[in-house]
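Input: a single structure, listed below in structure tokens.
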Amino acid sequence: MHKFILGQYKNLNLAEPKGFDQKDLEKAVLESILNTVNIWCKQNTTVEEEDVIIIKVEAKERGILVPEFCQNKLQYKVGDKSYLKEFMNAIGKKLGESFSMEIDFDETCVIERIRNKKVNLYATITDVLYKKIPEITDDLVQKMEPDCRTLDEMKAKYAAILKSRGLANIYQQKRDLVLKTIIDNSSYEFDEDEFDQALNTIIEQTKRSIMNSNPPDIDRIMQINENDAYFRMDCEKVTRQMIMENLVINEICNMEQIEVTTEEFVLEKAKYTEDEAASEEFIKYFPTDQSFELYLLREKVLHWLCLNNFNVY
């Protein structure tokens with residue numbers, strides 16, 4: 001059995017996480033709008049001279065691959081005189097589109113087998129850095145954000161979204177801080193068998209998560225052998241944190257008599273299962289009623305802790 005003595009968990013007088021002011025919000029709104037413009041341009045505008053593009057190139061000579069000229073990420077400025085004129089063929093193309101180049105190599109080519117031969121290069125545009133972006137007019141706003149009629153409406157929409165995200169981030173910081181403080185103030189001793197059982201579960205869950213990642217994380221996939229020291233250390237750290245957090249949550253539930261009522265459970269479940277698609281996603285995360293109840297209980301305790309140690313927004 002583990003040994004656990006809960007430390008102080010209320011009236012901790014913790015410092016408020018740093019928030020954001022109006023100046024920060026205005027800057028974030030501008031950056032978000034410019035990012036939206038950039039995304040819209042990539043979907044709707046064509047490459048022009050002096051734009052910087054990144055291309056993936058495949059080179060062939062009479063159908064045979066020429067690996068020396070194949071590149072995954074070749075970046076250049078369209079119109080750069082140090083590149084062959086054929087690289088101008090990107091003009092008029094959009095992100096994701098392809099263009100071809102036929103290049104004649106003479107006897108001075110460093111690759112002997114393609115001297116005095118034609119090589120066909122097939123290039124796909126994978127990114128574009130535009131020299132200039134269009135003026136952000138109300139007409140452009142309506143194309144980018146159909147539910148906004150003016151630039152001011154777009155600014156207001158983005159400000160509301162960013163403010164909500166900012167407050168959510170501050171709240172998450174509070175939850176993390178109060179849990180860490182309570183754990184640091186508590187004393188505990190792990191039961192080895194209990195820890196090993198929990199660790200094995202974390203290892204298997206982590207493996208599945210890495211293997212199912214999209215896009216695949218090759219470096220992590222190669223590291224998922226539990227005999228790998230770094231992989232095991234990461235899993236042990238997660239396991240210790242999970243056990244300690246669960247001990248804190250359970251102890252506070254008992255001491256403060258916090259529980260999830262039947263009415264709360266039904267109401268919250270209804271929010272997550274409004275349609276068939278939502279219900280299917282819900283079951284993936286909460287395969288049983290008990291798993292969802294434990295989630296709600298954790299959320300309720302964490303909110304209670306913030307109320308008793310911070311000024312919740």
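Counting from 1, the numbers follow the sequence of the chain as shown. Below, all heavy atoms of this structure are taken into account, side chains as well, without hydrogens, waters or symmetry copies.
In this structure, the side chains of T261 and E264 come closer than 4.5 Å at one or more pairs of heavy atoms. Y9 has its side chain out of reach of N185: every pair of non-hydrogen atoms, C-beta onward, lies at least 4.5 Å apart. Considering only heavy atoms from C-beta on, T239 stays 4.5 Å or farther from I203 through its side chain. Looking only at side-chain heavy atoms (C-beta outward), F190 and I243 come within less than 4.5 Å of each other. Using a 4.5 Å heavy-atom threshold, the side chains of V66 and K60 count as separate. Side-chain contact between S100 and L121 is absent, with no heavy-atom pair separated by less than 4.5 Å. Between K163 and F20 there is a side-chain heavy-atom pair separated by less than 4.5 Å.
For K131 and D51, the salt-bridge test fails: no basic side-chain N is under 4.0 Å from an acidic carboxylate O. Look at K77 and E49 and you find no salt bridge, because none of the NZ, NE, NH1 or NH2 atoms lies under 4.0 Å from a carboxylate O. In summary, K10 and E256 engage in a salt bridge, as defined by a charged side-chain N under 4.0 Å from a carboxylate O. Under 4.0 Å is where a charged nitrogen must lie from a carboxylate oxygen, and between K3 and D191 no such pair does. A salt bridge links D184 with K180: at least one charged nitrogen is closer than 4.0 Å to a carboxylate oxygen. The pair K269-E293 does not count as a salt bridge, with every side-chain nitrogen at least 4.0 angstrom from each carboxylate oxygen. Remark: K73 does not engage D127 in a salt bridge, criterion side-chain N to carboxylate O under 4.0 Å.
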**Request:** Show the numbers, then the answer: is there a side-chain contact (heavy atoms from CB on, under 4.5 Å) between Q8 and T181?
**Result:** CA-CA 9 Å; Q8 182 180 349; T181 303; over 6 Å; no

**Request:** Apply side-chain contact (heavy atoms from CB on, under 4.5 Å) to L199 and R232, showing your working.
**Result:** CA-CA 9 Å; L199 175 60; R232 190 172 183 85; 3.4 Å; yes

**Request:** Go through N120 and E61 one step at a time and tell me if the side-chain contact (heavy atoms from CB on, under 4.5 Å) criterion holds.
**Result:** CA-CA 6 Å; N120 294 299; E61 190 273 314; over 6 Å; no

**Asked** Going through the checks in order, is the side-chain contact (heavy atoms from CB on, under 4.5 Å) test met by T124 and I55?
**Response** CA-CA 5 Å; T124 300; I55 60 175; over 6 Å; no

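Here the closest heavy-atom approach between residue R149 and residue D138 is recorded as O-CB, 3.7 Å. Of all heavy-atom pairs spanning S98 and K93, the tightest one is O-CE, 3.5 Å. P134 approaches C41 most closely through the heavy-atom pair CD-SG, 3.3 Å. What you find for F195 and E236 is that their closest heavy atoms are CZ-O, 4.0 Å. Closest non-hydrogen pair, T46 versus K94, comes out as CG2-CG, 3.9 Å. Minimum interatomic distance between T206 and C235 (heavy atoms only, all atoms of both residues): OG1-SG, 4.0 Å.
Both V119 and I111 sit in one connected hydrophobic cluster of ILVMFWY residues. Membership requires side-chain heavy atoms under 4.5 Å apart, directly or through other members. M242 and F4 fall within a single hydrophobic cluster, where Ile, Leu, Val, Met, Phe, Trp and Tyr side chains are chained together by heavy-atom contacts under 4.5 Å. With hydrophobic clusters built from ILVMFWY side chains whose heavy atoms lie under 4.5 angstrom apart, I183 shares a cluster with I202. Hydrophobic clustering, with ILVMFWY side chains joined whenever heavy atoms are under 4.5 angstrom apart, groups M255 together with I182. Linking ILVMFWY residues whenever their side-chain heavy atoms come closer than 4.5 Å, directly or via other members, leaves V128 and W40 in distinct clusters.
No donor-acceptor pair under 3.5 Å is formed between the side chain of N254 and the backbone N or O of E251. With hydrogens and angles ignored, the 3.5 Å screen pairs a side-chain donor or acceptor of K300 with a backbone N or O of E259. A donor-acceptor pair is defined here as one N or O able to donate and one able to accept, closer than 3.5 Å; no such pair exists between the side chain of N38 and the backbone of L34. E26 contributes no side-chain N or O that, together with a main-chain N or O of V29, makes up a donor-acceptor pair within less than 3.5 Å. Of the possible donor and acceptor atoms, one in the side chain of K117 sits under 3.5 Å from a partner among the backbone N and O of R113. A donor-acceptor contact shorter than 3.5 Å is absent between the side chain of N308 and the backbone of L305. Side chain of T126 to main chain of I54: a donor-acceptor pair is present (N/O by atom type, distance under 3.5 Å, no hydrogens or angles). Looking at N309, its side chain does come within 3.5 Å of a backbone N or O of L12 through a donor-acceptor pair. Of the possible polar contacts, one joining the S32 side chain to the A28 backbone as a donor-acceptor pair under 3.5 Å is found. Under the 3.5 Å distance criterion, the side-chain polar atoms of S291 are matched with a main-chain donor or acceptor of T288.
Enclosure of atom CD in Q205 by more than 12 non-hydrogen atoms of other residues, nucleotides or ligands within 6.0 angstrom is indicated. Surrounding CZ of R115 are more than 12 heavy atoms belonging to other residues, nucleotides or ligands, all under 6.0 Å away. Heavy atoms from other residues, nucleotides or ligands lying under 6.0 Å from CD1 of I5 number 12 at most. Atom NZ of K42 has more than 12 heavy atoms from other residues, nucleotides or ligands within 6.0 Å.
Seen from the ring of Y171, R175 counts as a face-on cation partner, given the 6.0 Å and 45° thresholds.
Exactly one residue among L30, V141, I33 makes a side-chain contact (heavy atoms from CB on, under 4.5 Å) with K155. That residue is I33.
There is no side-chain donor-acceptor pair under 3.5 Å between D139 and T137. Judged purely by distance below 3.5 Å, without hydrogens or angles, the side chains of Y158 and E145 pair a donor atom with an acceptor atom. No side-chain donor from either of D152 and T150 sits under 3.5 Å from a side-chain acceptor of the other. For the 3.5 Å distance criterion, the side chains of N35 and E31 fail to qualify, holding no donor opposite an acceptor.
Shown here are the ring pair (Phe, Tyr, Trp, His ring centres under 6.0 Å) partners of F87, two or more places apart in sequence or in another chain: Y76, Y83.
In this pair, Y272 and Y295 present their aromatic rings perpendicular. The plane angle is above 60°, beyond the 30 to 60° band.
Taking SG of C109 as the reference point, atom CG of D104 lies at 11.5 Å (rounded to 0.5 Å). Within the model, atoms CD of Q172 and CZ of R165 stand 15.5 Å from one another, a figure rounded to the nearest 0.5 Å.
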Side-chain donor-acceptor contacts of residues 274-282 below 3.5 Å, not counting sequence neighbours, with atom names and distances?
| residue | atom | partner | partner atom | Å |
| --- | --- | --- | --- | --- |
| D275 | OD1 | A277 | N | 3.2 |
| D275 | OD1 | A278 | N | 2.7 |
| S279 | OG | D275 | O | 2.9 |

